[in-house]
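See below for the structure under consideration.
These numbers come from a predicted model, not from an experiment. So that the names make sense, note that chain A is the first sequence line, chain B the second, and so on, each numbered from 1.
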Amino acid sequence: MTTPDYRLTQLQTLEAESIHVLREVAAECERPVLLFSGGKDSIVMLELARKAFAPARIPFPVMHVDTGLNFPEVLELRDKRVAELGVELVVASVADAIAAGTVQEEPNGSRNRIQTPVLLDAVEEHGFTALFGGARRDEDKARAKERVFSFRDDFGQWDPKNQRPELWDLYNGRIHQGESIRVFPLSNWTELDIWGYIAQEEIAIPPLYLARERDVVDRQGMLYAVNEFITPREGEQVLRESVRYRTVGDANLTAAVRSTAANVEEIIAEIAVTRLTERGATRGDDKVSEAAMEDRKKEGYF
Amino acid sequence: MSVPSPAAPVDVHSAAAEAAAEIAHARKDILRIATAGSVDDGKSTLIGRLLYDSKAVFEDQYEAIERASRGDFVDLALLTDGLRAEREQGITIDVAYRYFSTPRRTFILADTPGHVQYTRNMVTGASTADLAIVLVDARKGMLEQSRRHAFLASLLRVPHLVVAVNKMDLVDWSEDVYESIRDEFTAFATKLEVPDLTVVPISALQGDNVVTRSVNMPWYEGASLLHHLEHVHVASDRNLVDTRFPVQYVIRPQTDAHHDYRGYAGRVAGGVLRPGDEVQVLPSGLTTTIAAIDGPDGPVAEAFPPMSVTVRLADDLDVSRGDLICRPHNAPHVTQDVDALVCWMSDQPLRPRQRLAVKHTTRSVRAVVKELQYRLDVNTLHRQTDADGGLELGLNDIGRVRLRTTQPLFVDDYHRNRVTGRFILVDEATNATVGAGMLTPAG
Ligand SMILES: Nc1nc2c(ncn2[C@@H]2O[C@H](COP(=O)(O)OP(=O)(O)OP(=O)(O)O)[C@@H](O)[C@H]2O)c(=O)[nH]1
Ligand SMILES: [Mg+2]
């Protein structure tokens, strides 16, 4: 690296900031865990965690809140990364919680909301005190308000009107029994930064993010690829379209976008000119109300 | 209701896409900006305008605020006022962070609240800023809150300050109004330490002088706000002279492949570290040399702020979190007596003899307030001393405090090094962050 002017690039600056956050939590918090969804953000977060502690192993487990509605490509990548890194994997299963009667399936089939109590139960069961999440502030206007170290009371709830001041990079991770801290090492990354980093570091991502011809159905202007969880309804036509996913959520509710971006470079070009935010474009569950994310976060959602 | 049809795919080989990708890939630096100023001076509107006019607002975001706007025009402040309570009350409560890029730079915008009750959130947003924009409503002129925020920005040593005289549309674009506010502010700023001050007349609502020069104010000869933000020279406010490396975390793999590896991870707080450098470790005072430095992608030849690296030392010393690596003849002060200006952020006042937890770099210690020397009046900068006893710091007060810590800290004056010169105060009972401290020499 030649840096005669002692400056870092944008991605180097963000990387340094995230690594600092990851180490700070490992040093100060009793029992951290890294939330891994298999999406691009958590994949980048996991890679940053690897770098933060190399050549040692990541000193905390990885947790997947498994809604049971996974794209198989995502599970494959999860298991591969976990094996490569030698980290412990904790799976909190929504399907098990439904079977046990602790949560109930929502009528619209979305498990977005009911995964929150499953997450909170797993946190309690394992005694986790700090949870790394891959959320970025540029995703949503409620996220835009959140601290890097975000305090949660003993019900896992966020109080947006009364957040702890957060000065410089002097993070306060002190809590009482039962409380926890959500930590967002990617707070200041944008969607483009994430893709730029994936390209630069050649990080493996689920193939879902790349465009190819898929069988899709059009539901109210959203394209859903036909899969294990999405079967064409009465009167719906199956179309063959070149599509890709911009976010990877539950396989029954995440829509794809028309795209010809078949590699990461093309994704960057596509996103750079796209005029829709990623959530607006693809997540049926966020459309419900203007403050949907704030409400879910208050309940303890990630 | 008509059902929208899914958008056509973006042509990723179009000229526009390639140009956009080029911007995305450009080797840019980041400028962190915080807004400041009194309630309703137009901070959030300005951020919205900057985002909107630089085409950083997505269609669905714009449609959402169009629906939520109550007046005759689209309320751009809603782009950052994202909390339900903020929209209901039409004010900003907590900092919102927004991001946008131009071909020259990437900007991280912290939109902070003007309301005095939420000053601590303003301090949160300003603490990481390279540049602060203090808005002043042209009709009202400088208010107590404008002074408080300008003072806080200077206290935090935000290296660049821009005063945006806003709502010029409501004073008939009057040059006289602008000049009188500019002069008043400049006079006030001479009492503060403001290294770089720029004043711009704007209308955040209508966009004058925000992204492009205003046709309504031909008398103004300076650049638009965005032009200034893109070109302001971010003179390195990092200290590249005095080596400071607070040890954050000790990496010991204890695996066969890395049996003897022992690395000290942390973020460089000052100076430039290189393998071969002779270094001293505090508090032990022992000296050794740097054997190697590992960056995120393997060994590096040098490390400087704000890099996160892992330092390996030639000798096997006892080093742990909270220790500090420096050069033998250039060490920070090792002290248990801390003199600092403190911004107090709790409803419970700060009083002498109070006990608090202190976090300074990676070191956490306990402290007692030995003395509260004075409280500052932010309007006049007058120092109120503890003449008849009973002096205390209330919520949002700023005062000079002397602390005695249980363990030594390794400190520099804040004006010399912003990293080793700062600390936070934490209430040990509630665990809340209750104060921000900046070490300042007596005087
Ligand atoms: N006429 C005019 N009105 C403006 C201008 N800028 C802002 N306003 C209006 O002033 C009011 C307050 O604007 P905000 O942007 O919410 O003010 P703020 O400084 O963010 O307020 P707080 O965050 O609560 O401190 C709104 O009604 C704006 O539309 C301007 O340049 N001209
Ligand atoms: Mg505002």
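When the candidates A:Q163, A:R57, A:K161, A:H176 are compared by the number of heavy-atom contacts under 4.5 Å with chain B, A:H176 comes out ahead. Between chain B and the options A:E24, A:K51, A:E266, A:E17, heavy-atom pairs under 4.5 Å are most frequent for A:E24. Contact tally against chain B (heavy-atom pairs below 4.5 Å) for A:L14, A:N188, A:L48, A:L11: the top residue is A:N188. Among the candidates B:V250, B:T124, B:T433, the residue making the largest number of heavy-atom pairs closer than 4.5 Å to chain A is B:T124. Between chain A and the options B:E428, B:H360, B:M345, the largest number of non-hydrogen pairs under 4.5 Å is found for B:M345. Put simply, of A:P59, A:A56, A:A261, A:G173, the one with the most heavy-atom pairs under 4.5 Å next to chain B is A:A56. No other option in A:A27, A:A16, A:P55 has as many heavy-atom pairs under 4.5 Å with chain B as A:P55. Of the listed residues (A:E179, A:R164, A:R23), the one with the most heavy-atom contacts under 4.5 Å to chain B is A:R23. Of all the listed residues (B:N121, B:T310, B:V272, B:I93), the one sharing the greatest number of non-hydrogen pairs under 4.5 Å with chain A is B:V272.
Only the side chain of B:E86 comes within contact range of chain A, judged by heavy atoms closer than 4.5 Å. Neither the backbone nor the side chain of B:V419 comes within contact range of chain A; no heavy atoms are under 4.5 Å apart. Both the backbone and the side chain of B:L83 have a heavy atom closer than 4.5 Å to some heavy atom of chain A. Residue A:S259 touches chain B through its backbone alone, counting heavy-atom pairs closer than 4.5 Å. For chain B, no part of A:Q200 is nearby; none of its heavy atoms comes within less than 4.5 Å. With a 4.5 angstrom heavy-atom cutoff, B:Y97 touches chain A via backbone and side-chain atoms both. If you measure heavy-atom distances from B:A432 to chain A, the contacts under 4.5 Å come from the backbone alone. Interface residue B:I251: only side-chain heavy atoms are found under 4.5 Å from chain A. In this structure, chain A has no heavy atom under 4.5 Å from any part of B:R105. At a 4.5 Å heavy-atom cutoff, the contact between B:A429 and chain A is made by backbone atoms alone. In this structure, the portion of B:V426 lying under 4.5 Å from any heavy atom of chain A is its side chain and not its backbone. Using a 4.5 Å cut-off between heavy atoms, B:T119 does not touch chain A at all. Contacts between B:R422 and chain A at a heavy-atom distance below 4.5 Å involve backbone atoms as well as side-chain atoms. Interface remark: A:D193 contributes no atoms to any contact with chain B (heavy atom separation under 4.5 Å). Only the side chain of B:S364 comes within contact range of chain A, with heavy atoms under 4.5 Å apart. No part of A:E241 comes within reach of chain B, as not one of its non-hydrogen atoms sits under 4.5 angstrom from that chain. For chain B, the nearby parts of A:A26 are the backbone and the side chain; heavy atoms of each come within less than 4.5 Å. In this structure, the portion of A:S187 lying under 4.5 Å from any heavy atom of chain B is its backbone and not its side chain. Interface remark: A:E15 contributes side-chain atoms only to the contact with chain B (heavy atom separation under 4.5 Å). Of the two parts of A:A52, only the backbone, made up of N, CA, C and O, holds a non-hydrogen atom closer than 4.5 Å to a non-hydrogen atom of chain B.
Here the straight-line distance linking atom CG of A:L170 with atom CD of A:E166 works out to 10.0 Å at 0.5 Å rounding.
Annotation: side chain of B:V309 is not in contact with side chain of B:D294 (no heavy-atom distance under 4.5 Å). Using a 4.5 Å cut-off on side-chain heavy atoms (C-beta onward), A:R137 and B:R98 make no contact. Contact check for A:H20 versus A:S18: no side-chain heavy atoms found under the 4.5 Å cut-off. You'll find the side chain of A:R244 reaches within 4.5 Å of the side chain of A:I267, heavy atoms only. Two residues are said to be in side-chain contact when any heavy atoms from C-beta on lie closer than 4.5 Å; A:Y6 and B:R238 meet this criterion. Residues A:L46 and A:I58 form a side-chain contact, since some pair of their non-hydrogen atoms from C-beta on lies under 4.5 Å apart.
Below 30°, between 30° and 60°, or above 60°: for A:F60 and A:F53 the angle between ring planes is above 60°, a perpendicular geometry.
Within 6.0 Å of the CD atom in A:Q177, the count of heavy atoms belonging to other residues, nucleotides or ligands does not exceed 12. More than 12 heavy atoms of other residues, nucleotides or ligands sit less than 6.0 Å from atom CD of A:E84. Within 6.0 Å of atom NE2 in B:H259, 12 or fewer heavy atoms from other residues, nucleotides or ligands are found, so the atom counts as exposed in its surroundings. Counted within 6.0 Å of CZ on B:R312, heavy atoms from surrounding residues, nucleotides or ligands total more than 12; the atom is thus considered enclosed.
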Before giving the answer on ring pair (Phe, Tyr, Trp, His ring centres under 6.0 Å), spell out for A:W189 and B:Y99 the whole-Å C-alpha distance, their side-chain angles and the decisive distance to 0.1 Å.
CA-CA 9 Å; A:W189 295 58; B:Y99 304 80; over 10 Å; no

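Aromatic ring centroids of A:Y209 and A:W195 lie under 6.0 Å apart.
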